[in-house]
Amino acid sequence: MPPLLEVRNVTQIFGDRRKGETVALDDLSFSIDDEAPSFTAVVGESGSGKTTLARILLGFQQPTKGAVYYRGDDLGQATGRAQDQFRKEVQAIFQDPFEVYNPFYKVDHLLAVPIRKFRLARSRAESRDLMVDALRVVGLRPEETLGRYPHQLSGGQRQRITVARALLLKPRLIIADEPVSMVDASLRATILESLRKLNQDFGISFLYITHDLTTAYQVSDNIIVLYRGAVAETGAVERVIKDPQHPYTQLLVASIPLPDPARRWGETVVAASGSEANGGPGRGCPFADRCPYVMPVCREQAPPLYRTHPHQAVACYLHRGTETVLDGDISQAFREYAPAGAP
Amino acid sequence: MTTTAMTTDTALRQAAVLRVEDLRVHYRTPRGPVKAVDGVSFALREGERFGLVGESGSGKSTTALAIMRLIRPPGRIEGGRIALGDRDLTALSEEQFRRVRLAEIAMIPQGAMNSLNPVRRIRDHFKDSVRAHDRNVGDAQLKERIPELLGMVGLRPETANLYPHELSGGMKQRVCIALAIALRPKVILADEPTSALDVVVQRQVMQTLGAVQERLGAAVILVGHDMGLLAQFVDRLGVMYAGKLVEVAPIGDIFREPLHPYTQLLIASLPTLEERGVFRGVPGLPPSLLNPPAGCLFHPRCPKRLPQCATVAPELREIRPGHWAACHLY
């Protein structure tokens with residue numbers, strides 16, 4: 001059986017040769033299995049390509065090279081039934097719980113539209129039952145939510161309604177792009193917990209796109225660390241965060257502001273990320289300019305992903321000599337990875 | 001009064017560079033006043049890094065804006081006293097206060113980097129700020145001063161010739177720090193100065209702010225909701241809830257032994273790298289400031305509430321040396 005979602009050699013280039021190219025994503029391949037629900041984090045700073053990836057996965061944008069396959073069908077070619085199935089089974093949760101609402105409609109509207117479009121209910125009563133159930137699952141009291149306008153609800157409540165909306169369609173995969181970055185710290189835990197619950201109780205797979213390593217560590221099984229469009233490091237989240245092997249991941253982990261006054265940042269001055277655009281194809285390691293261990297080879301050719309551990313792969317020449325990831329498909333380093341077509 | 005206790009501490013009074021006493025800021029609405037800041041008092045010591053933490057709507061940013069006298073209608077400072085050294089700032093006229101701003105108390109507002117004028121070069125921002133306070137500062141003087149200020153925040157002198165869009169977010173934020181310190185203020189107010197930045201850049205900006213503060217010997221008030229960032233930076237922390245300070249203590253003490261149940265829940269809710277898959281949110285929602293509950297504002301959400309919590313508002317008292325909390329448990 002084909003995987004639920006497969007990203008095969010996806011490259012996204014913005015701009016053109018004349019004006020200068022920006023490689024937003026560089027030859028990315030991974031897959032999300034259909035059998036066992038998974039929770040995968042995609043982590044990177046601004047400009048790492050994480051939002052471009054979300055847009056491509058949702059079919060908003062065609063990649064320059066490569067393709068995304070949903071249940072074996074090329075998303076770019078999908079029409080009719082296959083497209084409908086994709087739109088029902090893959091849902092998105094976005095960053096801003098304010099922007100997705102039309103202030104003139106009650107929040108019921110946001111929930112009623114998918115029910116109507118996908119003909120999920122045969123009657124008004126049935127439609128209401130669906131809404132009530134979905135709201136309860138995400139920890140909201142329907143009597144305090146339905147019939148209200150967006151401005152009468154808090155940011156946390158609004159974000160939970162968007163989760164309830166995604167849930168209505170019984171999706172197989174939810175792509176969540178920074179779902180808690182605009183929510184108060186005290187509510188983040190509650191929302192992340194409800195996402196993890198949907199993953200475990202309903203078997204929904206998640207792709208959690210974020211810049212926040214701590215929450216990625218909290219909820220995910222596997223992690224992909226992107227740096228300027230390329231995978232710097234990937235694998236099981238405990239391996240990558242607890243024992244990072246790429247100098248960039250090490251820098252990221254060391255910069256997390258830990259809520260512990262006894263463990264403050266070291267005084268090491270770190271090189272700032274430059275503002276220059278990513279070079280065209282054939283460039284070296286994107287981190288070379290900031291890397292404290294840079295070697296001549298790093299500037300000549302981008303490093304392949306070396307498997308430093310069964311559940312960890314690192315794009316860094318410091319690990320030369322280790323076997324590399326086959327065909328660049330990074331899900332080989334994921335925990336509980338079952339290759340496509342395996343019995 | 002909750003307030004007098006803290007400020008009658010004579011040792012503190014001597015060392016305090018800024019004192020806020022019983023500050024009240026209300027927003028007038030057709031349905032009655034929203035008490036955004038309701039009786040906040042604290043003293044900022046010389047050279048100290050003081051943090052103000054709270055969820056959105058807790059009044060932390062309003063407190064900072066009130067200190068700068070930048071509250072806009074329908075908001076209004078209804079009462080309280082703000083003193084810089086021996087001077088009562090609340091007694092100053094608008095024009096007198098204008099001279100205090102930037103020169104003595106400077107602010108790095110939330111999203112400060114977006115406040116740079118897109119059609120003016122970085123150096124013009126310095127010229128404008130400095131000349132607003134002293135029209136006689138000559139070009140030659142500025143030519144010396146601007147590279148020095150940029151150098152203090154780790155930027156090259158050529159940055160002065162650039163336009164804001166030519167800088168990265170972290171660089172713009174450092175320009176804003178350089179602007180804030182242009183007149184060597186005694187107090188720097190920073191309101192979530194790194195909220196739009198990535199972790200690595202955030203660390204650089206905060207380290208820059210720390211280095212600059214130490215060099216000037218200024219005191220800093222850092223306002224934010226990220227307990228991690230505050231734990232990394234401040235010496236002392238004030239926790240705000242629904243317009244009131246509910247706990248004030250040295251940062252180590254607050255993390256080691258939080259006294260107020262709200263602070264306890266807030267700290268327990270923080271994701272750490274120690275445990276995976278454990279989520280503890282703070283149950284319930286903050287109260288409406290239009291119809292706040294009687295007694296302690298936190299009692300409807302409090303797991304440790306006592307009978308009197310629903311009727312009597314607890315005062316902020318010194319429970320342990322230097323560790324203040326507003327809670328009936330103690």
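Side-chain atoms are counted along with the backbone in the values below, which use heavy atoms only and exclude waters and symmetry mates. What you are looking at is a predicted structure, and each value in this text was computed from that prediction instead of being measured. Here is how names work: the chains are called A, B, and so on, in the same order as the sequence lines, proteins then strands, and each is numbered from 1.
- A:Tyr208 and A:Gln218 share no side-chain donor-acceptor pair at under 3.5 Å.
- Checking side-chain atoms of A:Trp265 against main-chain N and O of A:Ser255 turns up a donor-acceptor pair under 3.5 Å.
- Remark: the A:Tyr248 side chain and the A:Arg228 side chain contain no N/O donor-acceptor pair separated by less than 3.5 Å.
- The existence of a salt bridge linking B:Glu55 and B:Arg301 is confirmed by a sub-4.0 Å separation between a basic side-chain nitrogen and an acidic carboxylate oxygen.
- Proximity to chain A is limited to the side chain of B:Leu266, based on heavy atoms less than 4.5 angstrom apart.
- The contact between A:Arg263 and chain B is made by backbone and side chain atoms together, counting heavy-atom distances below 4.5 Å.
- Rounding to the nearest 0.5 Å gives a distance of 11.5 Å between OG1 of A:Thr215 and CD1 of A:Ile191.
- Among residues two or more places apart in sequence or in another chain, the ring pair (Phe, Tyr, Trp, His ring centres under 6.0 Å) test is passed with B:Phe50 by B:Phe42.
- Partner of B:Leu52 under the side chain to side chain contact (heavy atoms under 4.5 Å, CB included) criterion, chosen from B:Leu245, B:Val248, B:Leu237, B:Asp191: B:Leu245.
- The most heavy-atom pairs under 4.5 Å with chain B, out of A:Ala262, A:Ala254, A:Ala189, A:Pro259, come from A:Pro259.
- Annotation: residues 142-151 of chain A contacts chain B through no residue [non-hydrogen atoms, separation under 4.5 Å].
- With hydrogens and angles left out, the side-chain atoms of A:Glu233 and A:Gln312 include a donor and acceptor closer than 3.5 Å.
- Proximity to chain B at a heavy-atom threshold of 4.5 Å picks out A:Val237, A:Glu238, A:Ile241 from residues 234-241 of chain A, in numerical order.
- Contacts between B:Leu270 and chain A at a heavy-atom distance below 4.5 Å involve the side chain alone, from C-beta outward.
- Residue with the most contacts toward chain A among B:Asp226, B:Val234, B:Leu230, B:Ile254: B:Val234 (heavy-atom pairs, distance under 4.5 Å).
- The salt bridge (charged side-chain N to carboxylate O under 4.0 Å, His left out) contacts involving residues 198-213 of chain A comprise A:Lys197-A:Asp201, where partners must be two or more places apart or lie in separate chains.
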Can B:Glu257 and B:His323 be said to form a side chain to side chain donor-acceptor pair (under 3.5 Å), step by step? CA-CA 10 Å; B:Glu257 198 194 353; B:His323 196 147; 5.8 Å; no
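- Between chain A and the options B:Val199, B:Leu273, B:Ile251, heavy-atom pairs under 4.5 Å are most frequent for B:Leu273.
- In this structure, the separation between OG on B:Ser288 and CG on B:Leu297 is 10.5 Å, given to the nearest 0.5 Å.
- Taking the side chain as every heavy atom from C-beta outward, A:Tyr217 and A:Ile223 never approach each other to under 4.5 Å.
- Taking chain B as the reference chain and counting heavy-atom pairs below 4.5 Å, the highest number among A:Gly44, A:Gly139, A:Ser220 is found for A:Ser220.
- Contacts of A:Ser181 with chain B are absent, with no heavy-atom separation under 4.5 Å from either backbone or side chain.
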Would you please test B:Arg236 and B:Asp253 for salt bridge (Lys or Arg N to Asp or Glu O under 4.0 Å) and show each step? CA-CA 9 Å; B:Arg236 221 153 49 97; B:Asp253 294 354; over 6 Å; no
